[in-house]
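All remarks here apply to the structure that follows.
Throughout, residue positions are numbered sequentially from 1 according to the sequence presented.
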Amino acid sequence: MTESDAQTVSPQAPRRRSTWLPIALVVAIIGAYWLARGGSAPLPGWHDDLDAALADAKSTDRPVLVFFGAPG
């Protein structure tokens, strides 16, 4: 490459990083925090008492899904 070629070749612009990934991560973290706080009541037909859920599952022959979370 000669000196005249070096003057006509413009340097590449710095590559712009995508901003959607950090935004999506922040939204996911906030959503997970909000859900972990337990801000909603049990769904219809779901129990928040393990003994009641086990009794209902036995009488209807359905499996039980249990989620244990730390309070607070």
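- Within the hydrophobic cluster formed by Ile, Leu, Val, Met, Phe, Trp and Tyr side chains joined at under 4.5 Å, directly or through other members, Ile29 stands alone, with no partner residue.
- The salt bridge (Lys or Arg N to Asp or Glu O under 4.0 Å) pairs that include a residue from residues 49-60 are Asp56-Arg62, where partners are two or more places apart or lie in different chains.
- Hydrophobic clustering (ILVMFWY, side-chain heavy atoms < 4.5 Å, transitive): Tyr33 and Val27 are in distinct clusters.
- For the pair Ala53 and Val64, the tightest heavy-atom approach, listed with the atom from each and the gap, is O-CG2, 4.1 Å.
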